[in-house]
2 protein chains.
Amino acid sequence: MADPLYRRIADSLQREIERGELAEGAQLPTEQELADTWNASRSTVRDAIKQLTTRALVEAHPGQGTFVRRKIIPIVTDLSATHDLGTGEAAQYYIDVRRQRRTPRSTVPRVEIQPAKELVASELALAPGSQVVLRHQQRFVDEEPYSLQTSFYPMQLVTVRGANRLIEAADIEEGTIQYLRREFGVEQVGYRDVITVRTPNVSETTFFLLPEDGHVAIFENFRTSYDQHGEPIRLTVTVYPADRNWFITSGNVPAVG
Amino acid sequence: MADPLYRRIADSLQREIERGELAEGAQLPTEQELADTWNASRSTVRDAIKQLTTRALVEAHPGQGTFVRRKIIPIVTDLSATHDLGTGEAAQYYIDVRRQRRTPRSTVPRVEIQPAKELVASELALAPGSQVVLRHQQRFVDEEPYSLQTSFYPMQLVTVRGANRLIEAADIEEGTIQYLRREFGVEQVGYRDVITVRTPNVSETTFFLLPEDGHVAIFENFRTSYDQHGEPIRLTVTVYPADRNWFITSGNVPAVG
DNA sequence: GGGTATTTGTCCGTATGTATT
DNA sequence: AAATACATACGGACAAATACC
């Protein structure tokens, strides 16, 4: 009984949710009702509910009440499918999403040319401050925000090799990877992913419509792709809200699996 | 200025932190000082700080003050190294951690025999309720809690094939994968990982010493391993605190990379 | 559309407890 | 022992969103 009152209230409600006595979508007692039954003030009850909100167990709606959150049906993304096929992430995204009987859409890329920041230069094996092409896209599934993706390419691909479509602000329908292979013989033969989880920034909170308190984490994938000479040709940074996405990666699984 | 006062205070502090005016480890003004400068009540200031705490930007210590959190040096775990070597995760963990000049330790496994729950049965392609062997370990790096791992094996490996060491509550130093290959010709030739991020449960909060409010997410990896006949031989569930771990996975990267 | 009741959101002030210095 | 700073708890007032008549 050493626990403070607000936590005892929160733990009690959490147990009711986990035992199913408060089912998904069910309304919790109002703050005033909880205050009465626990002989607590409304402020204390609100502290308890705040904790459940941070734990993503409930959501409160002004004028309506507080409800047990429904489980989200996750979108499953296969991080390893790409390299098997040499398809490139852009095309792969459309294939994957359609396979789950959902509808993909992505915005026309925003294209910029920038001096490479430290991380980008390091991953692309460029001198710091070298020019890089940046292509940024918003992706949707069933018109719901799904991911934000930014790809960085060495500017040499354009200036030396002549890959001019990289700097056009238009979707490359076949995928940049196939474009680079077909036109310039640059093949993506391998990649390395670095995966981190962190709190969202403001633009992510806005785009994904995340709760303001930042309790929904962001899943961030840095993918460095290499060509047949072992040179890095691209860094792709993709972020997803962690509450509605699962990821798969596999090594040499048998068919079906 | 439509934003409520507590959020304006929080955003102002957050900008100061991001601009470095409040450096890592620096102490914020006390709640009373902030209340005075913003003409707000202490309760409102506390609401603001609560938001920064949820966003993992600051941490409060009674009697001392509230401080900007220091960045954590992450432990990097390679999710794909294992299958290249056929080493098995257990041995790989020791190799990986030592390579980062840190000290690994894991507890003696807790071994149980259980009827398979739905997920386990499905991943191991067993009839629901079939017996499975469960081996649970706590892992440490530099004596700090690092991961919790539970592996499930079909009981047939013991009853039919005679892999009796699976049900001994003792570390299999060479790794279960090498044990199964050496003694029984069962080779792990492939795997599939499913990765999710979720809020911690009570035992995870306790083991990893996570803050009670549950704002630190848990990174969860379900790895199903397959033998040379395409049969699943193991399901390993590993959980890590998302705030201090990064993950790498790669496909066919050139040497060094 | 308007008005009213309900419910959560914001903000205030105060008092007391607990951890740290 | 005393001072400082955050933690818990109370209660009240009004605002904002929603639902319903």
Side-chain angles (χ1 to χ4, degrees), chain A residues 1-14 17 22 25-70 205 209-215, chain B residues 1-14 17 22 25-70 205 209-215:
Chain A
M1 283 295 167
D3 272 7
L5 179 54
Y6 81 91
R7 206 176 302 158
R8 294 207 302 275
I9 299 174
D11 291 348
S12 167
L13 287 168
Q14 182 165 354
I17 292 169
L22 281 168
Q27 181 172 9
L28 271 64
T30 67
E31 294 175 353
Q32 193 54 57
E33 286 168 351
L34 284 169
D36 293 344
T37 59
W38 284 88
N39 275 315
S41 71
R42 202 185 136 217
S43 321
T44 301
V45 168
R46 281 182 62 75
D47 281 346
I49 289 176
K50 178 93 185 167
Q51 186 173 296
L52 299 181
T53 305
T54 302
R55 292 183 180 172
L57 291 170
V58 304
E59 50 194 336
H61 299 287
Q64 293 183 272
T66 304
F67 301 84
V68 180
R69 282 189 50 162
R70 293 174 188 280
T205 302
L209 305 171
L210 301 179
E212 287 291 333
D213 68 359
H215 77 256
Chain B
M1 282 300 169
D3 271 9
L5 178 55
Y6 80 92
R7 208 176 301 159
R8 293 208 302 275
I9 300 174
D11 291 348
S12 166
L13 288 168
Q14 182 164 355
I17 293 169
L22 280 167
Q27 180 171 10
L28 272 62
T30 68
E31 294 175 352
Q32 193 55 58
E33 286 167 352
L34 284 169
D36 293 344
T37 60
W38 284 87
N39 276 314
S41 72
R42 208 187 129 217
S43 319
T44 301
V45 168
R46 280 184 61 75
D47 281 347
I49 290 177
K50 177 88 184 175
Q51 186 173 299
L52 298 180
T53 306
T54 302
R55 292 182 180 172
L57 291 170
V58 305
E59 50 193 332
H61 298 287
Q64 293 182 274
T66 304
F67 301 85
V68 181
R69 282 188 52 163
R70 293 173 190 283
T205 302
L209 306 171
L210 300 180
E212 288 290 333
D213 68 0
H215 77 255

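Everything quoted here is computed from the prediction, not taken from an experiment. Just so we're on the same page: letters track the sequence lines, and every chain starts at 1.
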- Message: Counting the atoms with a prime plus P, OP1 and OP2 as sugar-phosphate, which does A:I49 contact under 4.0 Å by heavy atoms, base, sugar-phosphate, or nothing?
- Response: nothing
- Side chain B:T53, main chain B:I49, donor-acceptor under 3.5 Å: yes
- Atom CD of B:E33 to atom C1' of D:dC6: distance rounded to whole Å? 13 Å
- Any side-chain heavy-atom pair of B:I17 and B:V58 under 4.5 Å: yes
- Message: From CG of B:L5 over to C1' of C:dG9, roughly how many Å is that when rounded to an integer?
- Response: 13 Å
- Query: Rounded to the nearest 0.5 Å, what separation is found between the CZ atom of A:R7 and the CG atom of A:D11?
  - Reply: 7.5 Å
- Give B:S41 one of three labels, base, sugar-phosphate or nothing, depending on what nucleic acid heavy atoms sit under 4.0 Å from its own. base
- Query: Atom CG in B:L57, atom CG in B:L28: separation rounded to 0.5 Å?
  - Reply: 10.0 Å
- Query: Hey, does B:T30 reach any base, or is it just sugar-phosphate, or nothing, if we go heavy atoms under 4.0 Å?
  - Reply: sugar-phosphate
- Task: Between C:dT8, C:dC11, D:dT8, spot the one nearest the side chain of B:T44, thanks.
- Result: C:dC11
- Message: Base contacts versus sugar-phosphate-only contacts with protein, heavy atoms under 4.0 Å: please encode nucleotides 14-21 of chain D as B, S and - from 5' to 3'.
- Response: ---BBS--
- For D:dG11, what is the paired nucleotide under Watson-Crick or G-U wobble rules, both distances under 3.5 Å? C:dC12
- A:D47 atom CG is separated from C:dG9 atom C1', nearest whole Å, by 14 Å
- Message: Quick check for you: to the nearest 0.5 Å, what is the distance between B:Q14 atom CD and B:L22 atom CG?
- Response: 11.5 Å
- Query: Between A:S43 and B:E31, which has a closest nucleotide on DNA chain D that is more 5'?
  - Reply: B:E31
- Task: Grab the NZ-C1' distance between B:K50 and D:dA7 for me, whole Å please.
- Result: 10 Å
- Query: Between residues 51-60 of chain A and DNA chain C, which residues have a heavy-atom gap below 4.0 Å?
  - Reply: A:A60
- Using whole Å, report how far CH2 of B:W38 lies from C1' of C:dG13. 21 Å
- Okay, side chain of A:Q27, backbone of A:Q64: is any donor-acceptor separation there less than 3.5 Å? yes
- Note on the structure: Here the distance between atom P of D:dA5 and atom CG of B:L28, to the nearest Å, is 13 Å
- Message: Quick check: on DNA chain D, is the nucleotide nearest B:Q32 upstream (toward 5') of the one nearest A:N39, or the reverse? Name the residue that is more 5'.
- Response: B:Q32
- Note on the structure: note: A:Y6, atom OH; D:dA9, atom C1'; distance rounded to Å ~ 11 Å
- Contact under 4.0 Å: B:T66 side-chain N or O vs D:dC6 OP1/OP2: yes
- Message: Would you say A:R46 places a side-chain N or O within less than 4.0 Å of OP1 or OP2 belonging to C:dT8?
- Response: no
- Please state how far atom CD in B:Q27 lies from atom P in D:dT4, giving the value in whole angstrom units. 14 Å
- Rounded to the nearest 0.5 angstrom, the CD-CZ distance for B:E59 and B:R70 is 9.0 Å
- salt bridge (charged side-chain N to carboxylate O under 4.0 Å, His left out): which pairs involve residues 39-55 of chain B, sequence neighbours left out? B:E31-B:R42, B:E31-B:R46
- Item | Separation between CG of B:L13 and CD1 of B:I9, rounded to the nearest 0.5 Å | 7.5 Å
- Message: Does A:V45 form a side-chain contact (heavy atoms from CB on, under 4.5 Å) with A:Q32? I'd like the steps, not just the answer.
- Response: CA-CA 8 Å; A:V45 168; A:Q32 193 54 57; over 6 Å; no
